[in-house]
Amino acid sequence: MRIGYPCVNETLDCTSATTFRLASYNDERLVQTVATNLACLQRILEYNVERGLLFFRLSSGIVPFGSHPINTYPWQHHFAAEFRQIGDYIKANNMRVSFHPDQFVVLNSPDEGIVQRSIAELVYQGSMFDLMELDSKAKLQIHVGGLYGDRDLAISRFIATYRTLPEAVRVRLVIENDDRLFSLQDCLRVHEAVGIPILFDNFHHECLNHGEPMAEALQLAAGTWDPNLDGPLMMDYSSQQLGERKGKHTSSLEEELFREFLPNVGNLEPDIMLEIKDKEASALRAVAILRELGRVPALPEPTA
DNA sequence: GACCGTCAAGGTGCG
DNA sequence: CGCACCTTGACGGTC
């Protein structure tokens, strides 16, 4: 069981997703920006390892315009050594990493152009895992997509597109149950058709479900992961921000709710991503709780 | 130096 | 039909 947080470290004075405007694109600017993003990513990973935070969602913005046609620079070649070094560090410290391409990646869109741009984005993000020499346990996490007024058709379009994906993307792709459109049940239908693992989101499941108790839902999702190829279940954890719109993530970890949730995972040992606004502050509190319960080691793993 | 409108990309749902 | 929302920072033009 590893605990993590997404993309941004609020303690350090750097970000791994510095970008610039499309209008000011040039290769020199690209190289400079990727260099500082990778340097910052390395610092964040070190910060995490020193504190026992061994799960991390990498920012999709490491390479600005990474899948945009304007970016023809061979950054994969130019930064091969840096990516490899980061991958070595991840592996040496038994970390788990993921990407979560944003809402523009929609594999089941009826618009072929959107589908092609989505695939290009997945290829870009998957290629960063390849450069890090990480295996298929490093995941690309997306949602099923839009409904377009016909759930069955929307699901069948996702399945058809999935089957056309490049191998490097397909082995790493996972789908997450969402809070409004595609439930765990819908994701299970997709899984049954093509074998794709389901990344479980407890909060989304609370928002949208068919009555499955939390513990049962976790078991169903975990059953879609091949331990050898996919690794342990990944899950997103959050809870409702009181007084806000349904589905709004809490601003800080609600420790009592987290403690009440934990028994639901049983002996699954999932890697848990805290989708909580204050990032590593809450992740550190979650690790402290797991240490207290004896679910993770009392001391961080030594740095290699 | 501070301010603030805007930024590659999609889809839903509300008013 | 148009706009806010998801989620978010920070780019970069302007004064």
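Naming convention: chains lettered A, B, ... in sequence-line order (proteins, then strands); numbering from 1 in each chain. These numbers were taken from a predicted model, which means no experiment stands behind them.
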*Count the heavy atoms belonging to other residues, nucleotides or ligands that lie under 6.0 Å from NE2 of A/His210, then report whether that count exceeds 12.*
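Result for NE2/A/His210: enclosed.
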_Quiz item: cation-pi between A/Arg285 and A/Phe258, 6.0 Å / 45°_ =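 That pair does not qualify as a cation-pi contact.
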*Tell me whether the guanidinium CZ or amine NZ of A/Arg151 lies under 6.0 angstrom from the six-membered ring centre of A/Phe182 and within 45° of its axis.*
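Yes - A/Arg151 lies over the ring of A/Phe182, closer than 6.0 Å to its centre and within 45° of its axis.
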Rounded to whole Å, please give me the gap between [atom1] in [X] and [atom2] in [N].
| X | N | atom1 | atom2 | result |
| --- | --- | --- | --- | --- |
| A/Asp150 | B/dT12 | CG | C1' | 16 Å |
| A/Phe182 | B/dG11 | CZ | C1' | 11 Å |
| A/Arg180 | B/dT12 | CZ | P | 8 Å |
| A/Asp179 | B/dG11 | CG | C1' | 13 Å |
| A/Ile142 | B/dG11 | CD1 | P | 13 Å |
| A/Leu147 | B/dT12 | CG | C1' | 9 Å |
| A/Leu22 | B/dA8 | CG | P | 5 Å |
| A/Lys248 | C/dA4 | NZ | P | 16 Å |

*asked:* Using a 4.0 Å heavy-atom cut-off, does A/Ile70 contact any base of the nucleic acid, only the sugar-phosphate backbone, or nothing at all?
replied: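 No contact at all - A/Ile70 keeps every heavy atom at 4.0 Å or more from the nucleic acid.
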*Using a cut-off of 4.0 Å on non-hydrogen atoms, how would the nucleic acid contact of A/Phe65 be classed: base, sugar-phosphate, or nothing?*
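Touches a base.
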*Please answer whether B/dG10 and A/Phe104 are stacked, defined here as ring centres separated by less than 5.5 Å and planes angled under 30°.*
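No.
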*Measure from the side chain of A/Gln103, starting at C-beta and using heavy atoms only, and say which of C/dT8, B/dG10, B/dG13 lies closest.*
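The nucleotide sitting nearest to the side chain is B/dG10.
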_As a test of reading the structure: which of C/dC11, B/dG11, C/dC6 is closest to the side chain of A/Ser109, going by heavy atoms?_
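The closest nucleotide is B/dG11.
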*Please evaluate the base of B/dT6 for a donor-acceptor partner in the side chain of A/Arg21 within a cut-off of under 3.5 Å?*
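Side chain to base: pair present.
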Does [N] have its OP1 or OP2 closer than 4.0 Å to a side-chain nitrogen or oxygen of [X]?
| X | N | answer |
| --- | --- | --- |
| A/Lys279 | C/dT8 | yes |
| A/Thr15 | C/dG9 | no |
| A/Thr19 | C/dC11 | no |

_Return the CD1 to CG distance between A/Ile289 and A/Leu262, rounded to the nearest 0.5 Å._
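Reported value, rounded in 0.5 Å steps: 7.5 Å.
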Spacing of the [atom1] atoms in [M] and [N] (rounded, Å):
| N | M | atom1 | value |
| --- | --- | --- | --- |
| B/dT12 | C/dG9 | P | 26 Å |
| C/dC1 | B/dA8 | P | 27 Å |
| C/dT8 | B/dC4 | C1' | 15 Å |
| B/dG11 | C/dA10 | P | 28 Å |
| C/dC3 | C/dT7 | P | 23 Å |
| C/dC11 | B/dG10 | P | 23 Å |

*asked:* Which label fits A/Tyr162 and A/Phe158: parallel for a plane angle under 30°, tilted from 30 to 60°, or perpendicular past 60°?
replied: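 Answer is parallel, since the angle falls under 30°.
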_Mate of B/dA9 where both pairing distances stay under 3.5 Å, Watson-Crick or G-U_ =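 With both distances under 3.5 Å required, B/dA9 matches none.
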*With a 3.5 angstrom cut-off on both distances, give the Watson-Crick or G-U wobble partner of C/dT7, or none if there isn't one.*
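Its partner: none found.
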*asked:* Using heavy-atom distances to pick each residue's nearest nucleotide on DNA chain C, tell me which of A/Arg29 and A/His249 is more 5'.
replied: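 Its nearest nucleotide lies further toward 5', so the answer is A/His249.
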*Among A/Leu173, A/Asp201, A/Asp236, whose side chain to side chain contact (heavy atoms under 4.5 Å, CB included) with A/Gln141 holds?*
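When side chain to side chain contact (heavy atoms under 4.5 Å, CB included) is applied between A/Gln141 and each of A/Leu173, A/Asp201, A/Asp236, only A/Asp236 qualifies.
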